[in-house]
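Naming: A, B, ... by sequence-line order, numbering from 1 per chain.
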Amino acid sequence: MPRGVPESFARFISPLPRTPFAPTPMPAPKTAISPTREVDYPEWYQQVIKAADLAENSSVRGCMVIKPWGYQLWENIQRALDDMFKATGHQNAYFPLFIPMSYLEKEAEHVEGFAKECAVVTHHRLEPNPDGGLRPAGKLEEPLIVRPTSETIIGATYAKWVQSYRDLPILINQWANVVRWEMRTRMFLRTAEFLWQEGHTVHATAAEAIAETEKMVDVYRDFAQDWMAMPVIVGSKTAKERFPGAVDTLSIEAMMQDRKALQAGTSHFLGQNFAKAQDIKFQSEKGGVEHAWTTSWGVSTRLVGALIMTHSDDDGLVLPPRLAPTHVVIQPIYKGDSRAEVMAEAQSLRDEIAAQSYAGAPVRVTIDDRDIRGGEKKWYHVKRGVPIRLEIGPKDIAAGTVFCGIRNQPKSFGISRSELVSTIGTKLETLQSELFAAALHLRESNTVTITNEADFRDFFSTQNEDKIHGGFAHAYFADEDALEPLLKELKVTIRCVPRGDNTTPGTCFLTGRPAEKKAVFAKAY
RNA sequence: CGGGGCGUGGCUCAGCCUGGUAGAGCGCUGCGUUCGGGACGCAGAGGUCGCAAGUUCAAAUCUUGUCGCCCCGACCA
């Protein structure tokens, strides 16, 4: 590489020798996305978002514009989850964007966790600035923060709602935006403002609240696996990784294609911490006054990032059919006179496919009849991750066939029209399960069990440290604090203590001391 | 907040070192040729070179200040 050329620009330098005479046209790229995952994974991620038209950066630092294709994806995620929340007895409500600053102060750990990244509203008016422009005026008596999460304001409200054990449980969810003033942002994975849902529940007993926490993390697991085709590990966070103010934090952890871990959802058992801080108490059946037990749980637009990094390839986005805004796109191939005939045929094909069902609903099919070249159109849909692409032209019409491309298969194929229509639902199901299987295989083949420090170091610091991140390491540990220097050095974190994986005690991989907990270690987003 | 880098048509950038009044590719518009595969030709629209001072006959180019953004670290769904 020439001196002074940053590594990230290396891809722009053609590896092919170029003759000084006939300027060879750039060879058609073998992949639609460059750089490829292998060359520069973070840059590949950005390029997929761009090529798939999911989102773009806005003029506001750290805040993105979610474009229609990306937002439809989010809407599908919302719809599926919302149904699951309703099915588990929850209702939606909405609480304010602004939270009085004093509310945040009530729970000590909570303040510590969020104070550093809060947007603060101090004025309520603008007035002309003598030097031109505008300046804030009308100082607020008490500053308001823009919610980084809503435990405090919702808790304060619940305190008024709860009088008696008869008022419990309260099972409410809200779909909202929140703001966390992050220093470094990445589209979908960490933005200053993001969309999410946050469930907040109140219970009469610890056992009931714990059951709720477990129930909701299971909902997240099911959603991740059944809808996103993303295998996840369910487990408990260690003390240092817990949500500020929680007694226990459960999470789902997924492995991305660069083998780094991504926390995709969390469910917190808050004990009585928030209930005490906010005075949520009730009169029990026996007549005594008790503090209630609360939970909170959430997933965010980060799931879109998870989806991208789990399935997409060097040709762009790959969408699991259950969440794809469009299942099938039909591309009519015509020239000159054949247009009317081909269009009519494409429309009847669309109607037949729309009459088929997949996952209990009609197949979502569209025709792309834009007047652009076929190749360009093909790649447009490939990059956007449409599960199935169909092409139909005069030759197909004559032969009673269509040409079919499935997003996870390199080659398109011809198929009789009737067979295609009758198997379209099956093809979508197959794709969905193949995506899951591939993601699971990646995780399984990059997961190890580690029993000593040397192996641990080797696993997380081998080869190209920029690109290779080891994967998931299962290991026993005795004391989280004792691990800290090593984890910091290797930039590894404890992802979670997997549920149901701690029945037998073992030996700490670092200290050799007896250990009860076995955790998953990984580099993480 | 520390350490680097960058602000030039919609996008990506060249030009700056060695001041002389703005370029390329892509995209866009029109016309034509193409058309089972991310086409090609011709014509065209589009920029007070981030902002402000200074040096100079003359500043995208030199100086100072300022604002914004990106990358690398400390924090994080």
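- Heavy atoms of A/Gly298 sit nowhere under 4.0 angstrom from any nucleic acid atom.
- Here, B/G30 and B/C70 have their C1' atoms 38 Å apart, quoted to the whole Å.
- Using a 4.0 Å cut-off between charged nitrogen and carboxylate oxygen, A/Glu352 and A/Arg350 do not count as a salt-bridge pair.
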N/O-N/O pairs, protein side and nucleotides 31-34 of chain B side, under 3.5 Å:
unit_1, atom_1, unit_2, atom_2, d
B/U34, O2, A/Arg373, NH1, 3.0

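- Within the 4.0 angstrom heavy-atom criterion, base atoms lie near A/Phe194.
- Here the P atom of nucleotide B/A74 and the NZ atom of A/Lys488 are 7 Å apart, to the nearest Å.
- Between the P atoms of B/U34 and B/G23, the separation comes to 35 Å (whole Å).
- Atoms CD (A/Gln47) and P (B/U12) sit 11 Å apart, rounded to a whole Å.
- Annotation: B/U8 and B/C69 have their C1' atoms spaced 15 Å apart (nearest Å).
- Side chains of A/Gln197 and A/His90: no donor on one and acceptor on the other come within 3.5 Å.
- Both A/Glu193 and A/Lys491 lie near RNA chain B, and the one whose nearest nucleotide falls closer to the 5' end is A/Lys491.
- Partners of A/Thr213 under the side-chain contact (heavy atoms from CB on, under 4.5 Å) rule, at least two apart in sequence or in another chain, are A/Leu250, A/Ser267, A/Phe269, A/Thr295.
- Applying the side chain to side chain donor-acceptor pair (under 3.5 Å) test to A/Thr401 and every residue at least two apart in sequence or in another chain returns A/Asp396.
- Sorted by first and then second residue, the salt bridge (charged side-chain N to carboxylate O under 4.0 Å, His left out) pairs involving residues 232-247 of chain A (not counting sequence neighbours) are A/Lys237-A/Glu253, A/Lys240-A/Asp481, A/Lys240-A/Glu484.
- Between the side chains of A/Asp248 and A/Ser236, a donor-acceptor pair is found at a separation under 3.5 Å.
- Residue pairs meeting the ring pair (Phe, Tyr, Trp, His ring centres under 6.0 Å) criterion with at least one partner in residues 228-250 of chain A, sequence neighbours excluded, are A/His110-A/Phe243, A/Phe114-A/Phe243, A/Phe243-A/His268.
- Between A/Trp196 and A/Phe194, the gap from one ring centroid to the other is short of 6.0 Å.
- Listed in residue order, the members of residues 218-231 of chain A having a heavy atom less than 4.0 Å from RNA chain B come to none.
- The closest side-chain donor-acceptor pair between A/Tyr45 and A/Asp40, if any, does not fall under 3.5 angstrom.
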Expected rows: protein N/O vs nucleotides 6-9 of chain B N/O, under 3.5 Å:
none

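- If you check every strand for non-hydrogen atoms under 4.0 Å, A/Glu182 touches a base.
- Contacts of A/Phe403 with the nucleic acid, taken as non-hydrogen atoms under 4.0 Å apart, include base atoms.
- Less than 4.0 Å separates RNA chain B from at least one heavy atom of each of the following residues of residues 375-384 of chain A: A/Gly375, A/Glu376, A/Trp379, A/Lys383.
- The gap from the C1' atom of B/A59 to that of B/A22 amounts to 13 Å, rounded to the nearest Å.
- Residue contacts shown for A/Leu262 are absent, as no nucleic acid heavy atom lies under 4.0 Å away.
- Going from the P atom of B/G9 to that of B/A52 covers 16 Å, rounded to whole Å.
- A donor-acceptor contact under 3.5 angstrom links the side chains of A/Glu151 and A/Ser296, judged on distance only.
- Place A/Ile397 and A/Lys50 on RNA chain B by their nearest nucleotides, and A/Lys50 ends up nearer the 5' end.
- Side-chain N or O atoms of A/Arg389 include none that pairs as donor or acceptor with a backbone N or O of A/Val382 at under 3.5 Å.
- The side chain of A/Gln331 sits closest to B/G37 out of B/G36, B/G37, B/C75.
- Residues passing the side chain to side chain donor-acceptor pair (under 3.5 Å) test with A/Lys67 are A/Asp53, A/Glu56, sequence neighbours excluded.
- When rounded to the nearest whole Å, the span between CZ of A/Arg389 and C1' of B/G37 equals 10 Å.
- Comparing the C1' positions of B/G47 and B/G7 gives a spacing of 14 Å, expressed to the nearest Å.
- Applying the side-chain contact (heavy atoms from CB on, under 4.5 Å) test to A/Ala277 and every residue at least two apart in sequence or in another chain returns A/Lys106, A/Glu107.
- Atom CG in A/Asp396 sits about 13 Å away from atom C1' in B/G37, given to the nearest Å.
- Taking atom CD of residue A/Gln46 and atom P of nucleotide B/C70, one finds them 11 Å apart after rounding to whole Å.
- To the nearest whole angstrom, the two P atoms, one in B/C67 and one in B/C31, are 50 Å apart.
- Salt bridge present: A/Asp314 and A/Arg37 bring a charged side-chain N and a carboxylate O closer than 4.0 Å.
- Sorted by first then second residue, the salt bridge (charged side-chain N to carboxylate O under 4.0 Å, His left out) pairs that include residues 71-85 of chain A, not counting sequence neighbours, are A/Asp82-A/Lys86.
- Relative ring orientation between A/Trp44 and A/Tyr41 is described as tilted, the plane-to-plane angle lying within the 30° to 60° band.
- Distance from the side chain of A/Thr191 is smallest to B/A77 among B/G38, B/A77, B/G36.
- Taking 4.0 Å as the cut-off between side-chain N and carboxylate O, A/Glu489 and A/Arg457 count as a salt-bridged pair.
- For the pair A/Asp371 and A/Arg339, the salt-bridge criterion is not met [side-chain N within less than 4.0 Å of a carboxylate O].
- Proximity of A/Phe223 to A/Ile252: side-chain heavy atoms (C-beta onward) are nowhere separated by under 4.5 Å.
- Atom CE of A/Met64 is separated from atom P of B/A77 by 16 Å (rounded to the nearest Å).
- Base engagement by A/Ser300 is indicated by at least one non-hydrogen atom pair under 4.0 Å involving a base atom.
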If pairs are Watson-Crick or G-U with both distances under 3.5 Å, what is the dot-bracket string of RNA chain B, marking crossing pairs with [ ] and pairs to another strand with |?
-> ((((((((.[[[[.)....(..]]]].((((((.....)))))).....[[[[[..)....]]]]])))))))....

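- Across the protein-nucleic acid pair, A/Ile333 atom CD1 and B/G38 atom C1' stand 13 Å apart, rounded to whole Å.
- Distance check on atom C1': B/A43 versus B/A53 gives 44 Å, rounded to whole Å.
- As rounded to whole Å, 10 Å separates atom P of B/G68 from atom CZ of A/Arg61.
- Looking at A/Glu391, its side chain comes within 3.5 Å of the base of B/G37 through a donor and an acceptor atom.
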